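So the structure is just underneath, and the comments pick up after that.
Since this is a predicted model, take the numbers as computed values, not measurements. Counting convention: from 1, in listed order, for ligands and their atoms alike.
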Amino acid sequence: MNTRISRRRFAATGAAASLASLLPRGVFSQGTANKNAIVHAGDSIGVVKPEFHSNFAEHLGSCVYGGIWVGPNSPIPNIEGFRKDTVDALKDLGVPVLRWPGGCFADDYHWRDGIGPAARRPKRVNTTWGGYTEDNSFGTHEFIRFCRLIGSEPYFAANVGTGTPQDVRDWIEYCNYPAGSTLADERAANGSKEPFNVRYWGVGNELWGCGGNFTPQAAASEFVHFATFARQFGPTRLFLVGCGPSGDDTNWTRGFMDTLGGHIGMMSGYSMHYYTGGDLRPLQFDKDAMYRQFNLYPLVERSLIHQRTLLDGYDPNRRIGLFLDEWGVWDQMSQPEEAANGRLWQQATIRSAVAAALGLNIFNRQADKLFMCNIAQLINVLQSLLLTDGPTGQHCVKTANYHAFMLFKPHRGNTSVRVEADGMRLPDGRGGGRGRGAEQPPEISVSASRGDGRLVVSLVNPRADADWTVDVALRGVTAHEGSARILHDSDINAANSFENPGRLTVRPHEVAVEGGHFRIALPAMSVATVTLKVTESPA
Ligand code: AHR
């Protein structure tokens, strides 16, 4: 909607002071802004790689079995065994890259278990996630087919913990060698004459923990050993990803990189993980617990900056891409829900959507430092895009997280640009709740990007009880028209449920656009994206 903002008056707070003084007065005749922001449209940061919106599917709970795969004989509507509702929803959103089969599961997974006729595949105990038995009906071919159905690029996590360099080498040959070798011919006999051309290969997962409890030095030696034999079979150039730290673990990165030494050129990507833990169950959050969780986001941003800085010391030309290949909110689980729906089945609320948006804004603002980010996980597990009612249920809902990702889709492929906003917490912990210390969460989070004659601005209000009206000044461009969409609910525990799947959804929203400014109302607990048609403004 491109209209003048409605006549809502919000109490001006002291927070409006600093940037407000930089803005011309009287741009809008109606209402009073209590937050100000500036978009420096000419100050480019980096490309918002579509890969920042990537995802992760592990053999855990009902993510794969039940969420993705129900088998061709299921009464649940499916395409060759893949749930039709989840395929349709993910195809609409677009998931640029999908990481599989773990997570911790990856270091106990043997790829040969998941190929060949399904009836002859072995049954294995998933010791990582609850000791249930898997029939391996979802394996390499099924994963690749699923990726093709939803338009994702596959990213394999290879087994270092209980596997060998030969296993990984053979898996690559099986997937990528065009034809004529025994492994390529076996792939063809199993239904795919065409090679899979898998580019991304993670060398182990969380090697500091579930992947084998290695020291950083030992993990780096493993990397070099495995990478030596992870050869390029066929035309697909491999992109090998080394195992980075949990959070901002400096010792891990230094130990790993120092040990790699002259072998650093074997590594194309380096992955870190950062979960933002929650103290309560998803539907029982109070304001304080929510703010404790939101307060972790400036630390995530700081860790990305810090880890990239460390990497720069070893890789000054930034040939190695920094991955955040597991991130997201990890709340306390409800045992009855886990028992019914699978391990780590986690409801998603407007709080999770706001958290997702805080993360996605960070990726835009730090676009020059990142290569790929994979939220955990795709369906049913942790901060998922979709929820189904366990492995056998018929229902599927799009979560609040799905809608948050939809709001960020217009940034993909654009160039991110610098922003400032009153009350936006800086990665060093400054800013945010004025005068009340670091316990106060950020008051607002903003990011912006440019592409194709458009400026896209995403704004997040993470406060439970403060409505903002935001004046955004544009530097370097003039806006001609604009539209906005918003995701909002004032109840921090509002969620899409099987009974009420449409409570949280993206809706059109008012934005007032006037040349070098726009103004938007940002109610408590909201995520909004404004898309403006712009031209360069005269210098
Ligand atoms: O995403 C759930 C688990 O979290 C993954 O298996 C592991 O890599 C991480 O600790």
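With ligand atoms numbered from 1 in the order given, ligand 1 contributes 1 (O), 2 (C), 5 (C), 6 (O) to contacts under 4.0 Å with heavy atoms of Glu58. Atoms of ligand 1 lying under 4.0 Å from at least one heavy atom of Gly103, given by number and element, are 5 (C), 6 (O), 8 (O). Within ligand 1, counting atoms from 1 as listed, the ones closer than 4.0 Å to a heavy atom of Leu382 are 1 (O), 2 (C). Per-residue contacts place Gln377 under 4.0 angstrom from the following atoms of ligand 1 (heavy atoms of the residue considered): 1 (O), 2 (C).
Taking CZ from Arg121 and OG from Ser137, the interatomic distance works out to 7.0 Å, rounded to the nearest 0.5 Å. Leu260 CG to Met267 CE: the interatomic distance, rounded to the nearest 0.5 Å, is 5.5 Å.
The aromatic rings of Tyr291 and Phe294 sit tilted relative to each other, their planes meeting at an angle between 30° and 60°. Taking the six-membered ring for Trp and thresholds of 30 and 60 degrees, Phe363 and Trp327 have ring planes more than 60 degrees apart, a perpendicular arrangement.
The nearest protein atom to atom 8 (O) of ligand 1, hydrogens excluded, is given as Glu326 OE2, 2.8 Å; this is a heavy-atom distance. Ranking protein heavy atoms by distance to atom 10 (O) of ligand 1, first place goes to Glu206 OE1, 2.7 Å. Among protein heavy atoms, atom 1 (O) of ligand 1 sits closest to Tyr275 OH, 2.7 Å.
At a heavy-atom cutoff of 4.0 Å, ligand 1 is contacted by the side chain of Phe56 but not by its backbone. When heavy-atom distances to ligand 1 are checked against a 4.0 Å cut-off, Asn205 comes that close only through its side chain, counted from C-beta outward.
Polar contact check, Cys104 against ligand 1: a nitrogen or oxygen pair lies under 3.5 Å apart. For ligand 1, the polar-atom distance check finds no N/O of Trp330 at less than 3.5 Å from any of the ligand's N/O atoms.
Results of the side chain to side chain contact (heavy atoms under 4.5 Å, CB included) test with Met272 over Leu304, Asp248, Asp249, Asp325 single out Leu304 as the only residue that passes.
Ion pairing between Glu134 and Lys123 fails under the 4.0 Å rule for side-chain N and carboxylate O. A salt bridge between Asp489 and Arg503 is present, with a side-chain N of the basic residue lying under 4.0 Å from a carboxylate O of the acidic one.
A disulfide (SG to SG under 2.5 Å) check over residues 102-173, counting only residues at least two apart or in different chains, returns the pairs Cys104-Cys210.
Distances from ligand 1 to the non-hydrogen atoms of Trp129 include at least one value under 4.0 Å.
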